[in-house]
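Here the structure is laid out as structure tokens; the discussion comes afterwards.
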Amino acid sequence: MEKTLVILKPCTIQRGLIGEIISRFERKGLCLAGMKMTWLTDEILSEHYAHLKEKPFFQRIKDAMSVCPVIVCCWEGVDAIHVVRQLAGATNGRNAQPGTIRGDYSMSVQENIVHASDSPETAAIELKRFFNDDEIFNYKMNNLLALYANDEF
Ligand code: TYD
């Protein structure tokens with residue numbers, strides 16, 4: 001099983017979509033391994049978005065990510081990193097396919113509802129960035145045989 005990081009962005013909190021977005025991941029069959037509300041600092045956002053530091057929108061996205069607290073989640077499942085990226089959809093909400101989270105809830109490239117880790121390496125780094133070890137819980141859902149074939153997990 002893989003674990004991946006999802007951040008419910010300030011736009012999601014401001015628009016009252018927390019429950020709806022969390023339901024998407026639950027309905028898919030992912031297991032919630034960690035969740036907390038936190039107010040992101042410029043320092044942690046500079047680290048998180050370091051790959052974009054040369055972009056003209058670098059400060060703009062950091063500002064948008066700190067207008068209010070966010071909710072950081074750790075979701076677990078087989079191929080969870082890929083599955084969650086697929087559920088999130090394309091970065092720009094206007095291009096994201098209907099049926100994806102961004103496709104259904106976002107009209108913007110910046111206000112695009114969720115952040116989701118994009119690779120196993122990134123997921124490991126990002127989970128460490130936003131969670132302490134004792135904030136991630138290792139437990140098994142009791143519905144695994146209804147979610148997967150017995151050789152899938
Ligand atoms: P990126 O890591 O490229 O996309 P994703 O979130 O799909 O992994 O970009 C990080 C965030 O930066 C993105 O969610 C929204 C913001 N962003 C912009 O505001 N404008 C842009 O042109 C891009 C590419 C990203």
Side-chain angles (χ1 to χ4, degrees), residues 1-133 135-138 147 152-153:
M1 296 260 179
E2 281 180 352
K3 289 189 175 74
T4 191
L5 177 84
V6 170
I7 304 176
L8 305 191
K9 295 186 175 187
C11 57
T12 307
I13 282 73
Q14 297 289 342
R15 289 174 57 194
L17 292 173
I18 298 168
E20 264 183 71
I21 302 306
I22 288 172
S23 292
R24 294 282 190 125
F25 298 111
E26 280 193 306
R27 258 176 11 199
K28 180 69 174 170
L30 291 153
C31 171
L32 188 61
M35 180 162 74
K36 66 180 179 184
M37 184 172 247
T38 178
W39 203 320
L40 300 177
T41 61
D42 195 71
E43 190 185 358
I44 200 166
L45 287 165
S46 295
E47 195 182 302
H48 184 62
Y49 286 126
H51 62 295
L52 299 172
K53 68 172 183 298
E54 306 304 333
K55 302 281 186 190
F57 53 83
F58 182 57
Q59 190 60 47
R60 191 198 76 201
I61 49 168
K62 290 195 296 170
D63 291 346
M65 287 294 285
S66 53
V67 297
C68 73
V70 298
I71 293 179
V72 290
C73 314
C74 173
W75 290 99
E76 184 180 45
V78 174
D79 296 334
I81 297 156
H82 168 74
V83 167
V84 166
R85 287 288 289 188
Q86 293 287 110
L87 288 177
T91 305
N92 186 334
R94 294 191 299 280
N95 298 331
Q97 288 288 318
T100 65
I101 290 169
R102 289 162 169 173
D104 286 354
Y105 295 97
S106 167
M107 284 292 285
S108 167
V109 66
Q110 172 178 280
E111 305 302 337
N112 61 1
I113 310 296
V114 288
H115 165 81
S117 304
D118 64 5
S119 70
E121 297 70 36
T122 316
I125 293 166
E126 292 184 343
L127 285 168
K128 279 233 166 294
R129 178 175 298 142
F130 293 102
F131 285 101
N132 300 321
D133 287 349
E135 293 171 328
I136 302 285
F137 298 90
N138 291 308
L147 287 169
E152 281 183 305
F153 62 90

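In listed order, ligands and their atoms are each counted from 1. All values below were derived from every heavy atom in this structure, side-chain atoms included, with hydrogens, water molecules and symmetry-related copies excluded.
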Review point. Hey, is Met65 touching ligand 1 through its side chain, its backbone, both or neither, going by heavy atoms under 4.0 Å?
Key: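 Looking at Met65 and ligand 1, no heavy atom falls under 4.0 Å.
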Practice item. With heavy atoms under 4.0 Å as the rule, classify the contact between Ile61 and ligand 1 as side chain, backbone, both or neither. Key: side chain
**Study point:** Within-shell test, Asp118 vs ligand 1, heavy atom, strictly < 4.0 Å
**Key:**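 Not so, Asp118 does not reach ligand 1.
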Point to revise | Test item, Arg102 contacting ligand 1 (heavy atom, 4.0 angstrom) | key: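 Flag set, Arg102 near ligand 1.
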Study note, to complete from the structure: Nearest heavy atom to atom 19 (O) of ligand 1, choosing from Gln110, Arg60, Lys62, belongs to Arg60
Numbering as shown, the atoms of ligand 1 that approach [X] to under 4.0 Å (heavy-atom distance):
| X | result |
| --- | --- |
| Asn112 | 13 (C), 14 (O), 15 (C) |
| Leu52 | 9 (O), 10 (C), 12 (O) |
| Lys9 | 13 (C), 14 (O) |
| Tyr49 | 10 (C), 11 (C) |

Nearest protein heavy-atom contact for [atom]: which residue, which atom, what distance?
| atom | result |
| --- | --- |
| atom 15 (C) of ligand 1 | Val109 O, 3.1 Å |
| atom 5 (P) of ligand 1 | Thr91 OG1, 3.6 Å |
| atom 24 (C) of ligand 1 | Phe57 CZ, 3.9 Å |
| atom 2 (O) of ligand 1 | His51 NE2, 3.1 Å |

Check your understanding: Quick check: are there more than 12 heavy atoms from other residues, nucleotides or ligands sitting under 6.0 Å from CD of Gln59?
Key -> yes
May I ask you to decide if [Y]'s main-chain N or O and [X]'s side chain share a donor-acceptor pair within less than 3.5 Å?
| X | Y | result |
| --- | --- | --- |
| Thr38 | Leu40 | no |
| Thr12 | Ile113 | yes |
| Arg102 | Val114 | yes |

Are [X] and [Y] close enough that some pair of their side-chain heavy atoms sits under 4.5 Å apart?
| X | Y | answer |
| --- | --- | --- |
| Lys36 | Phe131 | yes |
| Leu32 | Glu26 | no |
| Asn92 | Asn112 | no |
| Ser46 | Lys53 | no |

Exercise for review: Kindly confirm or rule out an N or O of Arg85 lying under 3.5 angstrom from an N or O of ligand 1.
Suggested key: yes
Point to revise | Stepwise side chain to side chain contact (heavy atoms under 4.5 Å, CB included) check, Leu87 with Arg24 | key: CA-CA 8 Å; Leu87 288 177; Arg24 294 282 190 125; 5.6 Å; no
